[in-house]
Amino acid sequence: MLPPLLIISISVVAIEVVVGFIGNAFIMTINTINWIKSKKISSVDMILIFLSTSRFILQVMVLMHIHSLYFADVFKLASVYKDFGAVWMFVNHSSLWFSTWLYVLYCVKIINITHWLLLQIKRRIPGMVPWLLLGSLVISSVTSLPLLWIAPSTYLCSSTGNFRENSTAHIMDWDSSCLYLLLLYFVGCFFPLVLSVVTSALLITSLWKHRKTMQCYTDTFRDSMTDVHLTAIKSIVSFLILYLSSFVAQILLILSTSQSKDVVKVAVSLVVAGAYPSMHSIILIIVNSKLKLVFRNIFLHFKCHLEDKPPNPRLEINTL
């Protein structure tokens, strides 16, 4: 029987996954419909479709992972666990790269650039987005496929606290294979995270310069460009906080031992790791004016339906 704390944490993760399913399915559906109707797609919408799809797959895998850890016979899963780990790593790294390119695109569109090289990048990056997404998939493959050669004993260490094989042999295998797993995880996350930090630094610097310039013209230097900067900064900082928290939680889950005192650590880590893809989908909807408007119209239409009121025709037009 599972400890009560783990039952509670799994229930919370299940709620997070449902929220994430709804949020990511909404982002993917709205952007895909707009793409089909207009027969063209913007760079931001293309990234959002890739990002929401990867997040959707990632959350399906979170549910599969929890089920395999706590409700399934791990010995029966040993033959497929390496494949599962490789796919999870691939989707996780791809999702991180897609988020990074989204914020790089926001940054390039917002900041005031004067250097000729950066101007060239700003001009060309919208056309480069398909290649950047393809390159992200290739890089994610490189940092995930080597997992197929890791000893399966890494995956047989259940976080609920049951070692599945001889302890001495397991520890020897676990030390080498887990180190390899952590190395791949760090390598796959390092470059997109650094790029995200640089992007946020550029946005903050651009905001500081903009506000300093506006002070020369008016006493109330809270203008529309300032709001755009602040929205982008809040979004990327929220993303970094969520991802870094999830990153630490996933590391703790990988390093979980068989000792009973780890139950609290595992429970908290599961909730924190599950919050990242769900909460970030909500943030993406809030900061995207088009998605926010459609979501608001759908909500008002649903509210009118529950109250047996005729929906506003303008809401129906704006929702389509």
Worksheet item: Does G20 offer a backbone N or O that forms a donor-acceptor pair with the side chain of N24 under 3.5 Å?
Response: yes
Worksheet item: Got a second to check how far K290's NZ is from I30's CD1, nearest 0.5 Å?
Response: 9.0 Å
Discussion item. Is there a side-chain contact between R55 and I27 in this structure, where contact means two heavy atoms from C-beta onward sitting under 4.5 Å apart?
Written reply: no
Worksheet item: Between T143 and S140, is there a donor-acceptor pair closer than 3.5 Å when you use the side chain of the first and the backbone of the second?
Response: yes
Discussion item. F21 vs V17, test: side-chain contact (heavy atoms from CB on, under 4.5 Å). Steps then yes/no.
Written reply: CA-CA 6 Å; F21 277 160; V17 169; 3.5 Å; yes
Item to complete: Check whether any side-chain heavy atom of Y185 sits under 4.5 Å from a side-chain heavy atom of I251, and report yes or no.
Response: yes
Item to complete: Of all the heavy-atom pairs spanning A275 and E16, show the shortest one and how long it is.
Response: N-OE1, 3.3 Å
Worksheet item: Any side-chain heavy atom of L193 within less than 4.5 Å of one from L244?
Response: yes
Item to complete: Output, in order, the C-alpha distance, side-chain angles, deciding distance and verdict of side-chain contact (heavy atoms from CB on, under 4.5 Å) for C189 and H93.
Response: CA-CA 6 Å; C189 296; H93 288 167; 3.8 Å; yes
Item to complete: Provide the closest heavy-atom pair for Q250 versus W88 in the form atom of the first, atom of the second, distance.
Response: OE1-CZ2, 2.6 Å
Practice prompt. Can you see which heavy atom on I41 is nearest to which on D45, and at what distance?
Written response: CG1-CB, 3.6 Å
Worksheet item: In the single-linkage hydrophobic clustering (I, L, V, M, F, W, Y; side-chain heavy atoms under 4.5 Å), do I139 and V198 co-cluster?
Response: yes
Discussion item. Around atom CZ of F295, are there more than 12 heavy atoms from other residues, nucleotides or ligands closer than 6.0 Å?
Written reply: no
Item to complete: May I ask you to decide if S278's main-chain N or O and S281's side chain share a donor-acceptor pair within less than 3.5 Å?
Response: yes
Worksheet entry | Any side-chain heavy-atom pair of W97 and L133 under 4.5 Å | no
Worksheet item: Going by the angle between their ring planes, with limits at 30° and 60°, are Y276 and Y243 parallel, tilted or perpendicular?
Response: perpendicular
Fill in: Side-chain heavy atoms of F90 within contact of L145, under 4.5 Å
no
Discussion item. Is any side-chain heavy atom of L51 closer than 4.5 Å to one of L284?
Written reply: yes
Fill in: Neighbour count above 12 (heavy atom, 6.0 Å) for F191 CZ
no
Worksheet item: Is W101 reachable from M28 through a run of hydrophobic residues whose side-chain heavy atoms are each under 4.5 Å from the next?
Response: no
Worksheet item: Under a 4.5 Å side-chain heavy-atom rule over Ile, Leu, Val, Met, Phe, Trp and Tyr, are F98 and V60 clustered together?
Response: yes
Worksheet item: side-chain contact (heavy atoms from CB on, under 4.5 Å) between L96 and N92: does it pass, once the steps are laid out?
Response: CA-CA 6 Å; L96 178 57; N92 188 56; over 6 Å; no
Worksheet item: To the nearest 0.5 Å, how far apart are NE2 in H280 and CG in L240?
Response: 9.0 Å
Practice prompt. State whether the side chain of S144 and the backbone N or O of M89 hold a donor-acceptor pair below 3.5 Å, judged by distance alone.
Written response: no
Worksheet, complete the sentence: Residues L184 and P146: closest non-hydrogen pair is CD1-CB, 3.8 Å
Worksheet item: Yes or no on side-chain contact (heavy atoms from CB on, under 4.5 Å) for F26 and L291, after CA distance, side-chain angles and deciding distance?
Response: CA-CA 9 Å; F26 173 79; L291 294 174; 4.2 Å; yes
Discussion item. Do L134 and W131 make a side-chain contact, defined as non-hydrogen atoms from C-beta onward lying under 4.5 Å apart?
Written reply: yes
Discussion item. Measuring from atom CG of L132 to atom OG1 of T100, what distance do you get when rounded to the nearest 0.5 angstrom?
Written reply: 11.0 Å
Discussion item. Ignoring hydrogens, what is the shortest heavy-atom contact between S246 and V272? Give both atom names and the distance.
Written reply: N-CG1, 4.1 Å
Worksheet, complete the sentence: dist L48:CG -> S42:OG (nearest 0.5 Å) comes out at 8.0 Å
Worksheet entry | Pairwise distance CG(L270) to OG(S11) - rounded to 0.5 angstrom | 11.5 Å
Discussion item. Assigning hydrophobic clusters by single linkage (Ile, Leu, Val, Met, Phe, Trp, Tyr; side-chain heavy-atom cutoff under 4.5 Å), is Y106 placed with V104?
Written reply: yes
Worksheet item: CD1/I236 to CD1/I241 distance, rounded to the nearest 0.5 angstrom?
Response: 11.5 Å
Worksheet item: V268 versus L252: any side-chain heavy-atom pair under 4.5 Å?
Response: no
Discussion item. Distance alone, cut at 3.5 Å: any donor-acceptor contact between the side chains of Y103 and S196?
Written reply: no
Discussion item. Testing the basics here: between V129 and S43, what is the closest heavy-atom pair and its distance to 0.1 Å?
Written reply: CG2-CB, 3.6 Å
Item to complete: Spell out, yes or no, whether V237 and V194 are grouped together once hydrophobic residues are joined by side-chain heavy atoms under 4.5 Å, including indirect joins.
Response: yes
Worksheet item: Can any side-chain N or O of S235 pair as donor or acceptor with the backbone N or O of T231 at less than 3.5 Å?
Response: no
Item to complete: Without swapping roles, check the side chain of S95 against the backbone of V91 for a donor-acceptor pair under 3.5 Å.
Response: no
